[in-house]
Protein chains: 2
Amino acid sequence: MKKIINKPEDVVEEMLHGLALANPAVKHSKGLGVISRKEKSEKVGVVSGGGSGHEPAHAGYVGKGMLDAAVAGNVFSSPDPERIREGIDQANGGKGVLLVIKNYSGDYMNFTMAADLAEMDDIEVDYVMVKDDVAVEDSTYSTGRRGIAGTVFVHKIAGAKAEAGASLPEVKAAAEKAIKYLRSMGMSMSACTIPAVGKPGFTLNENEIEVGMGIHGEPGISKEEMKESGEIAKILLDKILDDYEASGIEMKGTEVALMVNGLGATPLMELYILNGDVQAYLEEKGIKVYRTFVGNYMTALEMAGCSLTLMRLDDELKELLDAPSEAPAFRI
Amino acid sequence: MKKIINKPEDVVEEMLHGLALANPAVKHSKGLGVISRKEKSEKVGVVSGGGSGHEPAHAGYVGKGMLDAAVAGNVFSSPDPERIREGIDQANGGKGVLLVIKNYSGDYMNFTMAADLAEMDDIEVDYVMVKDDVAVEDSTYSTGRRGIAGTVFVHKIAGAKAEAGASLPEVKAAAEKAIKYLRSMGMSMSACTIPAVGKPGFTLNENEIEVGMGIHGEPGISKEEMKESGEIAKILLDKILDDYEASGIEMKGTEVALMVNGLGATPLMELYILNGDVQAYLEEKGIKVYRTFVGNYMTALEMAGCSLTLMRLDDELKELLDAPSEAPAFRI
């Protein structure tokens with residue numbers, strides 16, 4: 001295992017320490033895995049988090065216009081309720097806190113338990129569950145669909161709504177609308193290694209990819225031969241578009257936000273090439289891309305691969321997406 | 001070779017096409033490898049470029065406050081003078097153009113030839129050479145030191161100076177000052193594969209790293225056993241700090257801009273951990289970090305590894321570094 005780390009058991013705290021040093025607008029609650037905004041305001045707080053290894057998610061999305069706090073667990077492992085309770089405290093400005101939870105069993109359990117703890121202390125807490133991955137219905141770590149890269153759009157929408165002074169139910173409603181119109185799907189070309197484990201969790205052959213693989217290496221739909229970018233775009237988009245159709249959501253003639261996300265080890269060159277193919281295919285389908293995001297937004301350590309996310313937009317979602325964000329990993 | 005591409009011979013044009021689709025502020029001069037700002041102004045133009053495979057360098061640095069145009073050659077191969085001539089044209093607002101050249105023999109030859117061509121057409125052109133890599137004195141592709149990640153700081157300084165309305169000699173002087181105070185050094189943990197070649201250019205053993213390796217896989221100083229992050233920080237910084245000393249540049253008590261750069265396949269988690277160790281060591285040495293940049297700024301396709309860059313700052317460099325930039329890969 002060649003990784004730029006010190007002791008495997010220290011990776012999360014050391015990572016958060018290094019992140020806070022690079023971003024003077026946030027503070028690191030040491031030993032608690034929490035990154036939060038230094039400047040507190042009276043608006044609704046927005047908190048997310050989950051296992052580490054998905055950087056810049058979630059701590060890179062803490063900043064004015066996006067998250068107020070991010071809570072990190074160990075690598076690929078949900079943070080415990082006490083940590084999330086700390087994150088809620090850091091984000092609470094007196095108007096309540098919305099939790100944005102990726103749909104994994106551990107996250108659901110721990111975040112909702114933390115919400116209960118906070119409510120005992122008279123902090124109003126509500127939550128939304130992100131289930132954007134159309135690849136599989138249930139998975140290794142989830143009942144129902146997994147939450148993946150589309151979660152970043154939910155952070156943005158909820159964060160912008162909160163920044164605009166909306167109430168907790170209003171912030172939740174905006175996040176729910178984003179989630180309703182959100183679909184993602186990924187594929188991976190290599191495994192990744194949890195530092196404390198020291199060896200890859202699975203293997204793929206020389207010319208093999210896994211379509212629909214999760215961001216922890218959970219199985220996807222099928223193992224296939226490596227394909228050209230144009231074909232990858234179609235495979236992932238067809239599944240996403242079929243799913244919109246099955247949900248009764250009309251896409252032709254609408255506008256979308258598009259995210260072409262890298263899983264950690266895929267160079268920007270490849271993501272940009274894929275973006276060209278994705279946009280050509282969407283145009284063919286009569287779907288207009290309103291705004292495009294290409295980069296590493298929700299990773300799986302050093303996994304090679306990508307995911308595509310679409311969010312169908314209306315005027316409110318466009319305005320919230322375009323609102324300023326000072327989060328270092330999502331500057332608008 | 002598992003890469004998200006179509007035909008290997010099309011990677012550069014397809015990549016630039018996908019990049020331009022993601023950034024409505026730029027346009028792509030098709031077939032010429034040039035990305036430039038749509039909005040032209042009367043200020044001094046700043047142009048950079050070089051071989052592809054270093055994304056987001058250089059096209060990701062095109063934007064208000066930074067570059068006016070970036071010129072891309074084939075992967076790891078300098079763009080020809082006609083392309084650079086096109087980049088100069090795109091950037092020329094009537095007040096002259098500064099070329100920021102990374103010190104490789106091909107780039108030097110082609111960029112200066114393009115400058116001569118532009119001057120025949122009465123465009124005032126000048127240039128600076130970036131030689132920030134302290135690892136080796138001469139290398140496979142350079143006479144003298146190589147230009148690597150520190151080049152991004154030069155783009156920022158020259159771009160901000162030009163945006164402020166400075167003359168060509170003033171923009172050049174600011175860039176030269178940045179270069180004078182700039183030092184970088186990297187190490188790699190894996191090879192990378194040029195798409196048209198299809199196999200890695202070299203190999204490293206299971207637990208081996210190469211210290212001082214260039215961004216095209218050119219040899220560095222030594223092959224060594226993999227080390228902890230804290231030790232990597234010291235090895236790279238000691239070489240950089242020794243070099244400042246040898247140049248008679250006092251560092252103790254000064255402020256620096258710091259870049260912790262990933263080479264393409266190294267996850268942000270590792271770069272943040274390294275950042276913590278780098279900052280601890282700099283503090284020990286009495287050097288204050290004024291501003292920190294952690295991310296993939298100058299890559300080598302899917303190479304795993306990192307580089308560190310320091311730029312000693314004075315009041316002018318601080319102001320230019322802090323000036324707004326709308327370049328997507330370097331938002332300030």
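Below, chain A is the first sequence line, B the second, and so on; all start at residue 1. Just so we're clear, the structure is a prediction, and the values are computed from it rather than from any experiment.
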task: Look at B:Asn207, B:Leu16, B:Val75 and state which one has the largest set of heavy-atom pairs under 4.5 Å with chain A.
output: B:Asn207

field: Exercise: identify the closest heavy-atom pair between A:Asn205 and B:Lys2
entry: O-NZ, 2.9 Å

Which of B:Pro24, B:Ala233, B:Gly18, B:Ala280 touches chain A most, by non-hydrogen pairs under 4.5 Å: B:Gly18

Pairs meeting criterion side-chain hydrogen bond (donor to acceptor under 3.5 Å, both in side chains) with involvement of residues 261-271 of chain A, two or more places apart: A:Asn261-A:Ser307

Neighbours of chain B found in residues 295-304 of chain A - heavy atoms under 4.5 Å: A:Asn296, A:Leu301, A:Glu302

- prompt: Looking at B:Gly276 and A:His17, what are the two nearest heavy atoms and their distance?
  reply: CA-CD2, 4.1 Å

message: Below 4.5 Å, heavy-atom pairs only: which of B:Ile332, B:Asn23, B:Leu271, B:Val12 has the largest tally toward chain A?
response: B:Ile332

message: salt bridge (Lys or Arg N to Asp or Glu O under 4.0 Å) for A:Glu228 and B:Lys7? Distances and angles first, verdict last.
response: CA-CA 8 Å; A:Glu228 287 195 348; B:Lys7 302 280 166 282; 2.6 Å; yes

- prompt: For chain B, which residues from residues 53-64 of chain A have at least one heavy atom closer than 4.5 Å to it?
  reply: A:Gly53, A:Glu55, A:Pro56

- line: When the 4.5 angstrom heavy-atom criterion is applied to A:Val11 and chain B, the contacting part is both

message: Need one label for A:Val278: side chain, backbone, both or neither, based on atoms under 4.5 Å from any heavy atom in chain B.
response: neither

- request: For B:Lys227, look at atom NZ and say whether over 12 heavy atoms of other residues, nucleotides or ligands are found less than 6.0 Å away.
  value: yes

query: So with a 6.0 Å cut-off around CD of B:Glu283, is the heavy-atom count from everything else above 12?
result: no

- request: Answer whether the closest heavy-atom distance between the side chains of A:Ile4 and B:Ser229 falls below 4.5 Å.
  value: yes

statement: Among residues 186-195 of chain B, those lying within the under-4.5 Å heavy-atom range of chain A are B:Met187, B:Met189

- prompt: For A:Asp277, is it the side chain, the backbone, both, or neither that has a heavy atom closer than 4.5 Å to a heavy atom of chain B?
  reply: side chain

Per-residue contact mode, B:Ile232 against chain A (heavy atom under 4.5 angstrom): side chain

message: Please rank A:Leu19, A:Thr292, A:Asn275, A:Leu268 by heavy-atom pairs under 4.5 Å with chain B and give me the top one.
response: A:Leu19

- prompt: For A:Leu21, is it the side chain, the backbone, both, or neither that has a heavy atom closer than 4.5 Å to a heavy atom of chain B?
  reply: both

message: Between B:Met226 and chain A, with a heavy-atom cut-off of 4.5 Å, which part of the residue counts as in contact: side chain, backbone, both or neither?
response: side chain

field: Flag if over 12 foreign heavy atoms under 6.0 Å of NZ, A:Lys318
entry: yes

- prompt: When you measure from the side chain of B:Asn6 to the backbone N and O of A:Gly230, does any donor-acceptor pair fall under 3.5 Å?
  reply: yes

- prompt: Of the listed residues (A:Met1, A:Glu206, A:Lys3, A:Glu326), which shares the most heavy-atom pairs with chain B below a 4.5 Å separation?
  reply: A:Lys3

- line: Most heavy-atom pairs under 4.5 Å with chain B, out of A:Glu13, A:Arg331, A:Glu14, belong to A:Arg331

